[in-house]
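Remarks on the structure that follows.
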Amino acid sequence: MSEPQHIHDMIGVGFGPSNLALAIALQERAQAGAPKLDALYLEAKPRFAWHPDMLLEGSDMQVSFIKDLVTLRNPASPYSFLSYLHARGRLERFVNRKSFFPSRQEFNSYLVWAAAQLEDTCRYGQRVTGAEPVQDPGGTGEVLAVTAEDETGRQIRYLTRDLVLAIGGKPAIPDTFAALQDHPGVVHSSSYLSTVQPRLAAADKPLKVAVIGSGQSGAEIFMDLANDPSRPQVDFIFRSHALKPSDDSPFVNEIFDASFTSHVYQQPADQRRALMAEYSNTNYAVVDGDLIDQVYGLFYEQEVAGGSAYRLLRSTCVTAAAVSGQQTLLTLQPAQGGETRNGAYDLVILATGYRRRLGETLLAGLEPHVHFESPDRNYRMRTCGTFRPRIFLQGYCEETHGLSDTLLSVLAVRVDEIAEALLTPQPAQLAAAE
């Protein structure tokens, strides 16, 4: 294994929107006279990509373009969405659309445009597999050794004083499907386009598909399948009685303001949980109202035409799943209890969200040195004993910092807070005090 002795000031694991925004914030601080950090970002993907398998045709952003990588921190930044539009010659035409919400494909194009300008700070095709504390070869204290694996399987070790974790969540697979998650007939929404679309195109007859989950992704995938030229038969299955609209009204939207993060953080744990429960309908198991109208309209028009290709199996639980020949056999039961029935499907799509557990990340080996719970206000993990490297989290602090933590809403402000902490020298006694 190669062991370069160079020590970076900071390594960012993952180069999605969160660490991309951090790279920009650090660059702009350096241009304004702050010290320039020796920062390196490691990304497992071969190139920049933001949820590429959910860039469905016709899908729009659910947050305003103003909540881009930079604007809430620095409206004059050359990395804003408006700067991107100007560079692409579409600014006036975007204004003419009279919308705060670009398509998801256009926002991805914006992110790719921004990432291309900071490509020299990132090494793609580097899957980080672990981190461990080691002594600085120069004798100045403890640092982190970060191990990554490239596309050929070669391992490389990097040394860093600080680390910022921004790797997103893992697909959440319900227990019912745990034994089938590697089966080709069971697909999580995170790999929808690259997996399902080729299967539909190659099939010699319409496939029978189940979409499970009542959130935005489930509804988007259902509508995409309904518009697919291969005309699959689709069952839309979820436990609740109805698709519920996301609450994006002005007063409720204030929970995504950057200032609300401090309010949430200052609350006792039970009050934070109550806030999460009160406002869960802004983000979890909810669907944009316009999309709900489209789904309802599709079923109405099918009834008018006397068709039966699409079924809405609401108030329905999947209690068992098994392989049956080339198909997946689901056992379906009414949510309130009652007689079960079986359904055989060529494809089952799990629009079941993501989970974020630090113990399942590359930080698992650092458990003796850090606390996985209760990061500080600046997103820094608390450390044990004399452990000195600082570890900051992006997207893993929802329980302490609020519902906006996994979203784009506070991204620009959060990275500014992390950047300031990274640029603040650590007192010698800090790690021991915590």
Side-chain angles (χ1 to χ4, degrees), residues 1-23 26 37-49 115 118-171 182 190 354-373 375 379-397 415 418 421-422 426 431:
M1 181 188 299
S2 174
E3 298 189 20
Q5 298 301 297
H6 176 74
I7 302 174
H8 297 279
D9 293 323
M10 185 273 289
I11 283 180
V13 182
F15 202 58
S18 293
N19 271 346
L20 171 56
L22 178 61
L26 289 171
L37 288 186
D38 178 356
L40 175 67
Y41 302 88
L42 303 175
E43 169 56 52
K45 297 184 181 71
R47 65 190 65 85
F48 187 92
L118 289 103
E119 200 164 54
D120 60 342
T121 68
C122 178
R123 294 186 186 176
Y124 290 99
Q126 298 278 306
R127 185 176 66 87
V128 176
T129 58
E132 61 178 343
V134 296
Q135 285 301 309
D136 173 3
T140 59
E142 202 170 33
V143 297
L144 279 176
V146 177
T147 303
E149 187 176 278
D150 66 16
E151 295 101 324
T152 69
R154 182 174 66 103
Q155 289 190 324
I156 307 169
R157 193 172 79 156
Y158 303 90
L159 301 182
T160 183
R161 295 182 177 86
D162 295 327
L163 185 142
V164 180
L165 184 75
I167 57 174
K170 288 186 175 182
D182 295 325
S190 59
Y354 297 83
R355 68 171 188 263
R356 290 172 169 82
R357 299 172 184 167
L358 287 173
E360 297 177 354
T361 70
L362 62 104
L363 301 182
L366 294 176
E367 189 170 3
H369 308 285
V370 296
H371 296 286
F372 283 174
E373 299 178 352
Y379 305 93
R380 179 186 171 187
M381 296 182 75
R382 301 186 187 277
T383 55
C384 306
T386 59
F387 184 77
R388 290 189 54 77
R390 296 179 296 181
I391 301 173
F392 296 87
L393 305 173
Q394 298 216 63
Y396 278 79
C397 302
V415 298
I418 293 175
L422 286 167
Q426 178 180 201

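In this text, all values refer to a predicted model and were calculated from it rather than measured experimentally. All values below come from the heavy atoms of this structure, side chains included, with hydrogens, waters and symmetry mates left out.
Tyr158 and His8 get closest at one heavy-atom pair: CD2-NE2, 4.3 Å. For Val370 against Cys384, the heavy-atom pair with the smallest separation is N-SG, 3.9 Å. Shortest non-hydrogen contact noted between His369 and Pro133 is NE2-CG, 3.6 Å. Summarising the geometry of Ser190 relative to Tyr354, their closest heavy-atom pair is CB-OH, 3.2 Å, with the distance given to 0.1 Å. In terms of heavy atoms, Ala23 sits closest to Leu118 at CB-CD2, 3.7 Å. Heavy atoms only, all atoms of each residue included: Ala364 and Phe372 are closest at CA-CZ, 4.2 Å.
Of the inter-residue distances, the one linking Ile167 atom CD1 with Leu393 atom CG reads 9.5 Å to the nearest 0.5 angstrom. The CD atom of Glu132 sits 9.0 Å away from atom CG of Leu144, with the distance rounded to the nearest 0.5 Å. With rounding to the nearest 0.5 Å, the separation of CZ in Arg356 from OH in Tyr396 is 6.5 Å. Annotation: the span from Ser18 atom OG to Phe392 atom CZ amounts to 14.5 Å, rounded to 0.5 Å. The line from CD of Glu149 to CG of Leu42 is 13.0 Å long, rounded to the nearest 0.5 Å. For the atom pair Leu363 CG and Met381 CE, the distance stands at 5.5 Å (nearest 0.5 Å).
Taking 4.5 Å as the limit, some side-chain heavy atom of Val415 sits within range of a side-chain heavy atom of Gln394. Under the 4.5 Å side-chain criterion, counting only non-hydrogen atoms from C-beta, Val13 is not in contact with Thr361. When side chains are defined from C-beta on, Leu165 counts as touching Leu358, because their heavy atoms get closer than 4.5 Å. Two residues are said to be in side-chain contact when any heavy atoms from C-beta on lie closer than 4.5 Å; Val146 and Leu362 fail this criterion. Contact of the Glu142 side chain with the Phe387 side chain is registered, since non-hydrogen atoms from C-beta on lie closer than 4.5 Å. Considering only heavy atoms from C-beta on, Arg388 stays 4.5 Å or farther from Thr386 through its side chain. Residues Asp9 and Asp162 have side chains not in contact (no heavy-atom distance under 4.5 Å, counting atoms from C-beta outward).
More than 12 heavy atoms of other residues, nucleotides or ligands lie within 6.0 Å of CD in Glu360, so this atom counts as buried by the packing criterion. Around CD of Glu151, the count of heavy atoms belonging to other residues, nucleotides or ligands within 6.0 Å exceeds 12. Environment of CZ in Arg355: crowded, with over 12 heavy atoms of neighbouring residues, nucleotides or ligands closer than 6.0 Å.
Checked by atom type and distance alone, the side chain of Thr160 pairs as donor or acceptor with a backbone atom of Ile11 at under 3.5 Å. Between the Arg123 side chain and the Leu40 main chain, no donor and acceptor come within less than 3.5 Å of each other. Judged by distance alone, the side chain of Tyr379 and the main-chain N or O of Ile391 form no donor-acceptor pair under 3.5 Å.
Ring orientation note: the planes of Phe15 and Phe48 are nearly perpendicular, at an angle over 60° on the 30°/60° scale.
Screening Arg161, Arg380, Met10 against Arg390 for a side chain to side chain contact (heavy atoms under 4.5 Å, CB included) leaves a single residue, Arg380.
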